[in-house]
Chemist: 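Handing you this structure, nothing more for now.
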Amino acid sequence: MESRDWNERYAASELVWGHEPNRWVVREIAGLAPGRALDLAAGEGRNGIWLAGRGWQVTGLDFSAVAVERAARLTARLPAEVAGRLTWRHDDARTFAAPPTGYDLVLVAYLQLPAADRRAALRRAAAALAPGGTLLVVGHDTTNLTEGVGGPQDPRVLFTPEDVLADLAGTGLRTVRAERVRRPVAAEADHRAPAGEDGGRAEAIDALVRLERTG
């Protein structure tokens, strides 16, 4: 999807992804000491806002101008102390320029791109890390198409943990975790999500990769 497509999607509903941060972001980041964070493909800002609430200085970037404007409006409703930690930019994860000082955390959550574009974005994300920084990549796994529910139905934009590691080969990052994870999905939230055995919930399959820049 191009920028205009995402503009239309965001404009069509109040909040596409809701207010709550992604569960894997919470699981992986909650124990880290706050620092400077870059949220690539930040959407309407749910993860960046959560990070700022925990003391992080956050720059959120998205190539949908509508999403960036919505994130800014949500930020304006926050307490001044939290809002002051948030900066939103209209930019492209494939081509953005990171400051030379680097970030303590770079988050890439559900940036679903064809392989060449994904590789370009992830390698820029890796280059934006400061020494000791964490790169967290989460997205719809390739197996979600046949074994999970929801998410993009185009296999060209899905990926595996192994794809992410291959994209980042030679960048000097240490792998902390690379795995498939299952995320409960409310059946009523997605017309493609059949009810599970527990009465209305099924599972999506995500790829999760966490890496660190050592030294």
Chemist: Under 4.5 Å between side-chain heavy atoms, hopping through other hydrophobics if needed: is there a path connecting W50 to L107?
Modeler: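 Hydrophobic grouping puts W50 with L107.
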
Chemist: Would a hydrophobic clustering, with Ile, Leu, Val, Met, Phe, Trp and Tyr connected at side-chain separations under 4.5 Å, put L122 with V157?
Modeler: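 Shared cluster, no.
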
Chemist: Is any side-chain heavy atom of P34 closer than 4.5 Å to one of R85?
Modeler: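 In short, these two side chains do not touch, never coming nearer than 4.5 Å.
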
Chemist: Drop me the distance from L32's CG to D104's CG, to the nearest 0.5 angstrom.
Modeler: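 Answer rounded to 0.5 Å: 9.5 Å.
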
Chemist: With a 4.5 Å cut-off on side-chain heavy atoms, are H140 and D206 touching?
Modeler: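 D206 vs H140: side chains touch.
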
Chemist: Is any side-chain heavy atom of E28 closer than 4.5 Å to one of L208?
Modeler: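 They are in side-chain contact.
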
Chemist: Among V106, T101, L105, which residue meets the side-chain contact (heavy atoms from CB on, under 4.5 Å) test with Y103?
Modeler: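 Single pass found, and it is V106.
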
Chemist: Enter the distance from R156:CZ to D117:CG here, rounded to the nearest 0.5 Å.
Modeler: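 With rounding to 0.5 Å, CZ (R156) is 11.5 Å from CG (D117).
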
Chemist: At what distance, to the nearest 0.5 angstrom, does OG1 of T175 lie from CG of L165?
Modeler: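 It is 4.5 Å, given to the nearest 0.5 Å.
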
Chemist: In this structure, would I205 and V25 fall into the same cluster of hydrophobic residues linked by side-chain contacts under 4.5 Å?
Modeler: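 In one cluster with I205: V25, no.
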
Chemist: With respect to P161, which candidate in V181, V137, D141 satisfies the side-chain contact (heavy atoms from CB on, under 4.5 Å) definition?
Modeler: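 Filter result, single survivor: D141.
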
Chemist: Side chains of S64 and R70: does their closest heavy-atom pair fall under 4.5 Å?
Modeler: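 No, every pair of side-chain atoms sits at 4.5 Å or beyond.
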
Chemist: List the atom of N47, the atom of A109, and the distance in Å for their closest heavy-atom pair.
Modeler: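 Reported closest heavy-atom pair: ND2-CB, 4.0 Å.
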
Chemist: Do V26 and L86 share a hydrophobic cluster (ILVMFWY, side-chain heavy atoms under 4.5 Å, transitive)?
Modeler: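 Linked, V26 and L86 end up in one cluster.
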
Chemist: If hydrophobic clusters are built from ILVMFWY residues whose side chains come within less than 4.5 Å, do V209 and L158 share one?
Modeler: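 Result: no, two separate clusters.
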
Chemist: Which atom names give the shortest non-hydrogen contact between V82 and G53, and what distance separates them?
Modeler: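 Smallest heavy-atom distance, with atoms named: CG1-N, 3.9 Å.
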
Chemist: Kindly say whether G150 contributes a backbone atom to a donor-acceptor pair with the side chain of N144 at under 3.5 angstrom?
Modeler: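 Such a contact is found between N144 side chain and G150 backbone.
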
Chemist: Sort and list the pairs that fulfil side chain to side chain donor-acceptor pair (under 3.5 Å) and have at least one residue in residues 159-173, not counting sequence neighbours.
Modeler: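 Sorted pair list: R118-D167, T160-E162, T160-D163.
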
Chemist: Give, for atom CG of L111 and atom CG of L40, the distance between the pair rounded to the nearest 0.5 Å.
Modeler: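 Here the rounded value is 7.5 Å.
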
Chemist: With a 4.5 Å cut-off on side-chain heavy atoms, are E147 and R182 touching?
Modeler: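 Touching, per the 4.5 Å side-chain cut-off.
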
Chemist: For a quick test of reading the model, state the closest non-hydrogen atom pair linking G139 to Y110 and the distance between them.
Modeler: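 Smallest heavy-atom distance, with atoms named: CA-CD2, 3.7 Å.
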
Chemist: At what distance, to the nearest 0.5 angstrom, does CG of D62 lie from NE2 of H90?
Modeler: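 So the CG of D62 and the NE2 of H90 are separated by 7.5 Å.
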
Chemist: Which donor-acceptor pairs under 3.5 Å do side chains of residues 126-134 form with protein atoms, sequence neighbours excluded?
Modeler:
none

Chemist: Which pairs count as salt bridge (Lys or Arg N to Asp or Glu O under 4.0 Å) when at least one residue sits in residues 120-129, sequence neighbours excluded?
Modeler: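 The answer is none; no pair qualifies.
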
Chemist: So, for A37 and W56, which heavy atoms are closest and what is the spacing to 0.1 Å?
Modeler: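 Closest heavy-atom pair between A37 and W56: CB-CE3, 3.7 Å.
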
Chemist: How long is the span from the CH2 atom in W88 to the CG atom in L74, to the nearest 0.5 Å?
Modeler: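 The distance works out to 8.5 Å.
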
Chemist: Closest approach of G43 and A71, non-hydrogen atoms and distance?
Modeler: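 Reported closest heavy-atom pair: O-CB, 4.2 Å.
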
